[in-house]
Amino acid sequence: MFLKIKKDRGIKMNHNGMDKKLVVDITSNFLINMAHIGEISFYSQHEPRQRVDLAGHSFTQPAGTLVIHLQMAHTYASMTGDSREGINRVREKVYYKLYFAPENIDSYQELRNAIEARVVNL
């Protein structure tokens, strides 16, 4: 199963290939293969956070911003640049963070419900 993240839904994102403060609008549809996800976390930011957009403008994400954190499986990790074969092999797992403004609860709930439908709660 794939998660289709649609453009123009008010969703912002960040991944580990970007600076941690950089958050960008999703401007094109993309798919994430759920079989490649190792961990999923749902949480909200309790304090406002300073972020930067692609144009370099600073903005504040408000408290209550909802986050879906997708940590990919270890097979999709990358090696650090200074690793040598068999020595100091450090893998950096790929992750995606999807940010939903507090007023964008509908998009958040739709995506969360799709994920929860694939989860067995014991």
Side-chain angles (χ1 to χ4, degrees):
M1 181 174 150
F2 289 89
L3 292 175
K4 183 175 185 177
I5 310 299
K6 298 176 186 175
K7 66 179 181 178
D8 300 329
R9 295 288 307 265
I11 304 170
K12 296 181 182 293
M13 74 168 289
N14 177 284
H15 59 78
N16 63 324
M18 302 164 59
D19 182 276
K20 290 187 185 255
K21 289 189 175 189
L22 182 63
V23 175
V24 298
D25 291 318
I26 293 177
T27 57
S28 63
N29 300 336
F30 68 96
L31 301 171
I32 296 175
N33 188 336
M34 285 194 67
H36 297 203
I37 298 173
E39 255 180 73
I40 302 173
S41 301
F42 304 101
Y43 57 92
S44 63
Q45 296 176 170
H46 295 290
E47 298 177 7
R49 302 240 173 121
Q50 282 301 115
R51 302 292 188 186
V52 177
D53 64 15
L54 276 178
H57 301 111
S58 182
F59 69 97
T60 302
Q61 274 184 326
T65 296
L66 300 164
V67 182
I68 298 178
H69 184 130
L70 306 170
Q71 183 82 35
M72 305 309 282
H74 72 278
T75 52
Y76 294 89
S78 60
M79 301 288 192
T80 58
D82 57 352
S83 296
R84 293 183 304 171
E85 186 72 33
I87 301 172
N88 298 330
R89 297 205 84 167
V90 178
R91 293 184 182 268
E92 184 178 357
K93 288 186 180 179
V94 175
Y95 68 80
Y96 297 92
K97 289 183 182 178
L98 304 174
Y99 298 97
F100 301 81
E103 62 274 5
N104 194 11
I105 189 99
D106 292 340
S107 292
Y108 171 81
Q109 215 45 61
E110 182 180 351
L111 186 53
R112 183 167 181 166
N113 289 342
I115 293 168
E116 292 283 353
R118 304 284 299 176
V119 174
V120 175
N121 291 315
L122 299 177

Item to check | Heavy-atom donor-acceptor pair, Asn14 side chain to Asp19 backbone, under 3.5 Å | outcome: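 Yes; at least one donor-acceptor contact below 3.5 Å.
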
Item to check | Any donor-acceptor N/O pair, Arg112 side chain to Ser107 backbone, under 3.5 Å | outcome: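 Answer holds: no.
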
Checklist entry - Relative to each other, are the rings of Phe100 and Tyr108 parallel, tilted or perpendicular (30° and 60° limits)? => result perpendicular

Checklist entry - Mind checking whether Tyr43 and His69 have parallel, tilted or perpendicular rings, split at 30° and 60°? => result tilted

What distance separates [X] [atom1] from [Y] [atom2], expressed to the nearest 0.5 Å?
{"X": "Thr27", "Y": "Lys12", "atom1": "OG1", "atom2": "NZ", "result": "11.0 Å"}
{"X": "Leu54", "Y": "Asp25", "atom1": "CG", "atom2": "CG", "result": "8.0 Å"}
{"X": "Glu103", "Y": "Thr65", "atom1": "CD", "atom2": "OG1", "result": "8.0 Å"}
{"X": "Glu116", "Y": "Gln109", "atom1": "CD", "atom2": "CD", "result": "9.0 Å"}
{"X": "Lys97", "Y": "Gln71", "atom1": "NZ", "atom2": "CD", "result": "9.5 Å"}

Which pair of non-hydrogen atoms, one from [X] and one from [Y], has the smallest distance, and what is that distance?
{"X": "Pro102", "Y": "Ala63", "result": "CG-O, 3.7 Å"}
{"X": "Arg51", "Y": "Lys20", "result": "NH1-O, 3.1 Å"}
{"X": "Asn104", "Y": "Arg9", "result": "ND2-O, 2.8 Å"}
{"X": "Met13", "Y": "Met18", "result": "O-CE, 4.1 Å"}
{"X": "Ala114", "Y": "Arg118", "result": "O-CG, 3.7 Å"}
{"X": "Lys6", "Y": "Ile26", "result": "O-CG2, 4.1 Å"}

Item to check | Gln50 and Ser58 side chains, donor-acceptor separation under 3.5 Å | outcome: yes

Checklist entry - How would you list, by chain and number, every residue that makes a side chain to side chain contact (heavy atoms under 4.5 Å, CB included) with Asp106, sequence neighbours excluded? => result none

Next on the checklist: Which residues pass the side chain to side chain contact (heavy atoms under 4.5 Å, CB included) test with Glu47, not counting sequence neighbours?
Outcome noted: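 Expected list: none.
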
Same cluster (ILVMFWY, side-chain, under 4.5 Å), [X] and [Y]:
{"X": "Ile11", "Y": "Val24", "value": "yes"}
{"X": "Phe30", "Y": "Tyr95", "value": "no"}
{"X": "Val23", "Y": "Leu98", "value": "no"}
{"X": "Leu70", "Y": "Met1", "value": "yes"}

Item to check | Residue pair Leu3, Ile37: steps toward the side chain to side chain contact (heavy atoms under 4.5 Å, CB included) verdict | outcome: CA-CA 11 Å; Leu3 292 175; Ile37 298 173; 4.3 Å; yes

Does any part of the side chain of [Y], heavy atoms only, come nearer than 4.5 Å to the side chain of [X], both counted from C-beta?
{"X": "Val119", "Y": "Ile40", "value": "no"}
{"X": "Met72", "Y": "Ile32", "value": "yes"}
{"X": "His15", "Y": "Val94", "value": "no"}

Next on the checklist: Just to verify, what does Tyr99 make a ring pair (Phe, Tyr, Trp, His ring centres under 6.0 Å) with, not counting sequence neighbours?
Outcome noted: none

Checklist entry - side chain to side chain contact (heavy atoms under 4.5 Å, CB included) between Tyr96 and Ile5: does it pass, once the steps are laid out? => result CA-CA 12 Å; Tyr96 297 92; Ile5 310 299; over 6 Å; no

Next on the checklist: On the six-membered ring of Phe2, is Lys4 placed so that its NZ or CZ lies under 6.0 angstrom from the centre and within 45° of the ring axis?
Outcome noted: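 Because its charged atom misses either the 6.0 Å distance or the 45° angle limit, Lys4 does not stack over Phe2.
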
